[in-house]
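Throughout, residue positions are numbered sequentially from 1 according to the sequence presented.
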Amino acid sequence: MEKDIKLGVVQRLIIDRHASNGVYLTALDSSKSVLLPANQVTDDMQDGNSVEVFVYKDSEDRIIATTKIPPISLGKLARLKVKDVTKIGAFLDWGLAKDLFLPFKEQSRHPGKGEEVLVGLYIDKSDRLCATMRLYKYLETGSEYKKGDSVSGTVYEIIDNFGTFIAVDDKFSAMIPKREVIKTPLRPGDSITATVSNVLADGKLELTLRSASTEMEETNTILEMLEKAGGFLPYGDKTDSDTIRQVFNMSKKSFKRDLGHLYKERKIVIEENGIRLA
């Protein structure tokens, strides 16, 4: 049983008294009460009994309880449909009488009416429940995924200095690092399938869109470029990352790994000033 009435949370409260407009609920050791409207009161709700409710604010900004449990609660994530779009933000359908507000400043992109968006629930500075598309602090890190696993997720933010942020299973924190070359541009809201390239010490996942076939294509590209250049290219471990990206359309990390594969297969010779066909 709750010791206080909490906004935005599913909780079990005690029926304190009946009134013409519904029943008033309270928590243990609390002097506060919240109204459960008459249209949600059933015959078995007697004073002293407990009832499970969700607490939010109605259209007049009054705290109110409901037995209709929405798909999202404070600090959690859910996919909700955009019911309306205005100049100040969007309004989402979460199954309650008052739609959930998604402020303009909390949007990582501008969703359209009828679209489903992945959002978190928070309390704003005016003590109102609002939605946000900025999900980083709402995602969990305790997944059981390991390196090499295939995962599905939703792109929720792209920060040029860091990379592309992904909500794996709409639940776990993941990122495609900046160093990864993404051949097809991604946008917030895109659904992707990727491979876990690393599990960080804090449990966050690093992902790659590369596959075994992609690596084969890249090593073949290096060989083809070597053949066209007469068997020698002036690039190697000491070549800067930007040049590698421009010439080979891959990250330096991928380039060095592919050179290692080709060297082990004795297809190339690595020289001080470049690479040469064996």
Side-chain angles (χ1 to χ4, degrees), residues 1-84 86 88-107 111 116-142 156 167 169-173:
M1 199 73 64
E2 296 295 328
K3 291 188 177 181
D4 200 2
I5 297 171
K6 299 175 182 177
L7 187 66
V9 176
V10 178
Q11 56 211 286
R12 186 163 286 277
L13 299 177
I14 303 168
I15 299 173
D16 182 56
R17 67 187 186 279
H18 280 64
S20 59
N21 57 345
V23 298
Y24 285 88
L25 310 175
T26 188
L28 290 174
D29 303 325
S30 175
S31 59
K32 298 178 181 178
S33 62
V34 60
L35 175 68
L36 176 66
N39 61 1
Q40 296 185 51
V41 177
T42 58
D43 293 339
D44 60 340
M45 291 183 183
Q46 302 298 318
D47 290 358
N49 290 352
S50 66
V51 59
E52 186 175 71
V53 294
F54 180 80
V55 178
Y56 71 115
K57 288 189 174 183
D58 65 13
S59 56
E60 297 182 21
D61 214 29
R62 299 172 302 190
I63 293 179
I64 196 165
T66 177
T67 54
K68 297 178 181 178
I69 307 301
I72 191 171
S73 59
L74 192 64
K76 302 298 183 180
L77 298 172
R79 286 184 175 272
L80 302 177
K81 184 172 288 188
V82 178
K83 198 170 181 179
D84 197 13
T86 70
I88 60 171
F91 289 88
L92 311 180
D93 183 2
W94 62 335
L96 301 183
K98 181 185 178 183
D99 297 330
L100 180 62
F101 182 48
L102 171 60
F104 188 83
K105 66 181 179 63
E106 294 295 330
Q107 298 178 11
E116 271 197 353
V117 290
L118 182 64
V119 295
L121 185 67
Y122 74 101
I123 298 175
D124 72 2
K125 293 179 180 179
S126 300
D127 205 32
R128 298 173 302 181
L129 290 170
C130 292
T132 178
M133 295 171 69
R134 306 195 183 283
L135 309 180
Y136 185 80
K137 67 179 182 180
Y138 298 91
L139 293 168
E140 299 177 18
T141 57
Y156 68 88
D169 298 337
D170 291 349
K171 183 178 182 180
F172 298 111
S173 181

Residues Ile64, Val55; criterion side chain to side chain contact (heavy atoms under 4.5 Å, CB included); working and verdict: CA-CA 6 Å; Ile64 196 165; Val55 178; over 6 Å; no
Nearest non-hydrogen partners of Ile15 and Val51, listed with the distance: CG1-CG1, 4.3 Å
More than 12 heavy atoms from other groups under 6.0 Å of NZ on Lys171: no
Side chains of Lys57 and Leu129 in contact at under 4.5 Å (non-hydrogen atoms): no
Rounded distance (nearest 0.5 Å) linking atom NZ of Lys105 with atom SG of Cys130: 7.5 Å
Polar side-chain atom of Gln40 near backbone of Thr67 as donor-acceptor pair, under 3.5 Å: yes
Residue pair Asp127 / Leu7: nearest heavy atoms and the distance that separates them: O-CD2, 3.6 Å
Atom pair CG (Asp16) and CG (Leu36), whose distance is rounded to the nearest 0.5 Å: 13.0 Å
Closest contact, heavy atoms only, Leu25 versus Ala65: CD1-CB, 4.0 Å
Side chain to side chain contact (heavy atoms under 4.5 Å, CB included) between Phe101 and Asp124, intermediate numbers included: CA-CA 11 Å; Phe101 182 48; Asp124 72 2; over 6 Å; no
Distance-minimising heavy-atom pair for Phe54 and Pro70: CG-CD, 3.5 Å
Minimum heavy-atom distance between Thr141 and Ser173, given as atom pair plus value: CG2-CB, 4.4 Å
Nearest-0.5 Å distance that lies between atom NZ in Lys83 and atom CG in Asp93: 5.0 Å
Flag side-chain contact, heavy atom, 4.5 Å: Trp94 against Tyr56: yes
From CD (Glu116) to CG (Leu80), nearest 0.5 Å: 8.0 Å
Donor-acceptor contact present, side-chain Thr132 to main-chain Arg134, <3.5 Å: yes
Which atom of Ala131 lies closest to which atom of Leu102, heavy atoms considered: O-CD1, 3.3 Å
Rounded distance (nearest 0.5 Å) linking atom NZ of Lys32 with atom CD1 of Ile63: 7.5 Å
Side-chain heavy atoms of Leu92 within contact of Val82, under 4.5 Å: yes
Side chain proximity check, Leu139 to Leu77, heavy atoms < 4.5 angstrom: yes
Derivation of the side chain to side chain contact (heavy atoms under 4.5 Å, CB included) call for Leu100 and Leu121: CA-CA 9 Å; Leu100 180 62; Leu121 185 67; 3.7 Å; yes
Pairwise distance CD(Glu140) to CG(Asp169) - rounded to 0.5 angstrom: 10.5 Å
Any donor-acceptor N/O pair, Asn49 side chain to Asp44 backbone, under 3.5 Å: yes
Pair Asp99-Asp84, side chain to side chain contact (heavy atoms under 4.5 Å, CB included): steps then yes or no: CA-CA 9 Å; Asp99 297 330; Asp84 197 13; over 6 Å; no
